[in-house]
**Q** 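Below are the structure tokens for one structure; questions will follow.
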Amino acid sequence: MMDVDVVVLRDLTPLFDQLRAKGGLHIIREIPDTLPRWFPSVFGKPLRSNSSVVGFIAGTQDHLFEMFRDKSYAQVQHLRNDQDFIHHHAQDRQHWPIGWMISFKKDCAFHFPINLVRPIRRPDAFVVIFHGIPNPEDMVQGPFKRWGSPEKFGYFPVRWIKDYWTRYSRPTDH
């Protein structure tokens, strides 16, 4: 299962091979922000899970749906999102190997002023996830159209995302 705001960069066969070999539920380990990554003893916190790419064998995680369906809002409101629920209740939860799925905003985009002069290279990962801002379509617009968050942003299209978007997007009928 993948979110729709991802960019697939390579053949995904190794993901399926991993699922068959190890079983369980595979999910991305939460990706820390820059300061916790650089100074984990000062800014670090326990990492949970990111559900942008989740893998499991059909029928092995039915309890997640059953548990969630039977809960009231009051019983789940303390959870930030579905990721927390999956993180705490999946059977045999495992994280995908580090580097297989990366975050555009946390692993690819740069902070100011580097973001103004250094192009964003295509990473060597299976999937680039876009959680929050920016979205992939934000980075295919013409020059001088700002995309990103207050900390990490750009003003020019990201070439490899634009190429991907052009190749795989289909015009919509309105």
Side-chain angles (χ1 to χ4, degrees), residues 1-16 18 25-56 76-77 79-87 95-174:
M1 174 180 77
M2 288 187 185
D3 285 350
V4 295
D5 57 348
V6 301
V7 173
V8 177
L9 297 177
R10 300 188 352 211
D11 176 13
L12 300 177
T13 300
L15 279 69
F16 295 101
Q18 173 124 347
L25 181 135
H26 294 253
I27 193 165
I28 301 168
R29 180 179 306 280
E30 184 177 27
I31 302 163
D33 290 322
T34 305
L35 288 176
R37 202 180 301 195
W38 290 353
F39 307 103
S41 61
V42 177
F43 297 102
K45 62 177 178 147
L47 297 178
R48 295 185 184 155
S49 300
N50 175 301
S51 62
S52 294
V53 180
V54 179
F56 58 92
V76 296
Q77 70 180 2
L79 300 170
R80 289 182 307 166
N81 49 38
D82 65 306
Q83 299 169 144
D84 279 356
F85 188 83
I86 295 169
H87 178 86
H95 290 111
W96 294 112
I98 292 173
W100 281 25
M101 289 84 185
I102 63 169
S103 162
F104 180 83
K105 72 179 176 183
K106 294 183 180 184
D107 295 314
C108 298
F110 301 107
H111 288 281
F112 180 85
I114 297 168
N115 61 338
L116 300 176
V117 295
R118 187 169 178 192
I120 297 172
R121 289 187 225 117
R122 184 180 188 270
D124 183 29
F126 288 100
V127 178
V128 177
I129 64 172
F130 292 82
H131 48 109
I133 296 171
N135 289 307
E137 64 267 20
D138 298 338
M139 289 167 286
V140 301
Q141 302 176 58
F144 307 109
K145 304 266 186 179
R146 190 179 192 283
W147 55 259
S149 67
E151 299 85 24
K152 294 183 175 184
F153 57 89
Y155 289 99
F156 295 93
V158 177
R159 174 56 48 201
W160 57 271
I161 295 174
K162 188 169 185 170
D163 292 345
Y164 178 93
W165 206 255
T166 302
R167 182 175 182 184
Y168 295 109
S169 67
R170 291 195 166 88
T172 57
D173 295 329
H174 293 280

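The residues of the chain are indexed from 1 along the displayed sequence.
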**Q** CG of Asp82 to OG of Ser51: how many Å apart, nearest 0.5 Å?
**A**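 With rounding to 0.5 Å, CG (Asp82) is 4.0 Å from OG (Ser51).
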**Q** For Lys106 and Ile31, which heavy atoms make the closest approach, and how far apart are they?
**A**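 Nearest pair, atom of Lys106 first, then Ile31: NZ-O, 2.6 Å.
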**Q** Using side-chain heavy atoms (C-beta onward) and a distance below 4.5 Å, is Ile161 in contact with Val128?
**A**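 The answer is no, as the side chains (C-beta and beyond) never meet within the 4.5 Å cut-off.
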**Q** Which heavy atom of Arg146 sits nearest a heavy atom of Gly148, and at what distance?
**A**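 Looks like NH1-O, 4.0 Å.
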**Q** Please round to the nearest 0.5 Å and tell me the distance separating atom CG of Asn50 and atom CD1 of Ile27.
**A**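 Between Asn50 CG and Ile27 CD1, I get 7.0 Å after rounding to 0.5 Å.
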**Q** Listing request: all ring-ring contact (aromatic ring centres under 6.0 Å, His included) pairs with a residue in residues 132-156, at least two apart in sequence or in separate chains.
**A**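 Residue pairs passing ring-ring contact (aromatic ring centres under 6.0 Å, His included), neighbours aside: Phe104-Trp147, Phe144-Phe156, Phe153-Tyr155.
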**Q** Check Arg37 with Asp107, please: is the shortest side-chain N to carboxylate O separation under 4.0 Å?
**A**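 Here Asp107 pairs with Arg37 in a salt bridge, since their nearest N and O are under 4.0 Å apart.
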**Q** Donor-acceptor check, side chain of Asp11 to backbone of Thr13, threshold 3.5 angstrom: yes or no?
**A**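 Checking the backbone N and O of Thr13 against the side chain of Asp11, a donor-acceptor pair under 3.5 Å is found.
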**Q** Take Val42 and Leu35, measure what side-chain contact (heavy atoms from CB on, under 4.5 Å) needs, and give me the verdict at the end.
**A** CA-CA 9 Å; Val42 177; Leu35 288 176; over 6 Å; no
**Q** If you take all heavy atoms of Arg122 and Leu9, which pair is closest and at what distance?
**A**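 Closest pair (atom of Arg122, atom of Leu9, distance): NH2-O, 2.9 Å.
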**Q** Any side-chain heavy-atom pair from Ser103 and Ile129 closer than 4.5 angstrom?
**A**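 A side-chain contact under 4.5 Å exists here.
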**Q** Roughly how far, to the nearest 0.5 Å, is CG of Asn81 from NE2 of His87?
**A**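 Rounded to the nearest 0.5 Å, the NE2-CG separation comes to 11.5 Å.
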**Q** If you look at every heavy atom in Asn135 and Phe130, which pair is closest and at what distance?
**A**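 Looking at all heavy atoms of both residues, the shortest contact is C-CD2, 4.1 Å.
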**Q** Scan for ring-ring contact (aromatic ring centres under 6.0 Å, His included) pairs involving residues 105-129, sequence neighbours excluded, and state none if there are none.
**A**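 Applying ring-ring contact (aromatic ring centres under 6.0 Å, His included) to every pair that reaches into residues 105-129, excluding sequence neighbours, yields Trp100-Phe126.
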**Q** About how many Å separate CG of Leu25 and NE2 of His95, when rounded to the nearest 0.5 Å?
**A**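 The CG atom of Leu25 is 9.5 Å from NE2 of His95, to the nearest 0.5 Å.
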**Q** Do Arg10 and Asp124 meet the salt-bridge criterion of a basic N to acidic O distance under 4.0 Å?
**A**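 A salt bridge is present here (some side-chain N lies under 4.0 Å from a carboxylate O).
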**Q** Treating Gln141 as the side-chain partner and Asp138 as the backbone partner, does any N or O pair qualify as donor plus acceptor under 3.5 Å?
**A**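 Indeed, once roles are kept as given, a pair shorter than 3.5 Å links the two residues.
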**Q** Can you name the nearest heavy-atom pair linking Ser149 to Ile133, along with the distance?
**A**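 Closest heavy-atom pair between Ser149 and Ile133: N-CG2, 4.2 Å.
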**Q** Decide side-chain contact (heavy atoms from CB on, under 4.5 Å) for Glu151 and Thr34; before the verdict, give the C-alpha distance in whole Å, the side-chain angles of both, and the deciding distance to 0.1 Å.
**A** CA-CA 10 Å; Glu151 299 85 24; Thr34 305; over 6 Å; no
**Q** Decide side-chain contact (heavy atoms from CB on, under 4.5 Å) for Ile120 and Lys152; before the verdict, give the C-alpha distance in whole Å, the side-chain angles of both, and the deciding distance to 0.1 Å.
**A** CA-CA 12 Å; Ile120 297 172; Lys152 294 183 175 184; over 6 Å; no
**Q** Apply side-chain contact (heavy atoms from CB on, under 4.5 Å) to His131 and Glu30, showing your working.
**A** CA-CA 11 Å; His131 48 109; Glu30 184 177 27; over 6 Å; no
**Q** How many angstroms lie between SG in Cys108 and CE in Met139, if you round to the nearest 0.5 Å?
**A**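 Cys108 SG to Met139 CE: 9.0 Å, rounded to 0.5 Å.
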**Q** Measure the CZ-CH2 distance between Arg121 and Trp160 for me, rounded to the nearest 0.5 Å.
**A**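 Here the interatomic distance stands at 12.5 Å.
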**Q** How close do Val6 and Ser52 get, heavy atom to heavy atom, and via which atoms?
**A**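 Distance-wise, the nearest heavy atoms are CG1-O, 4.4 Å.
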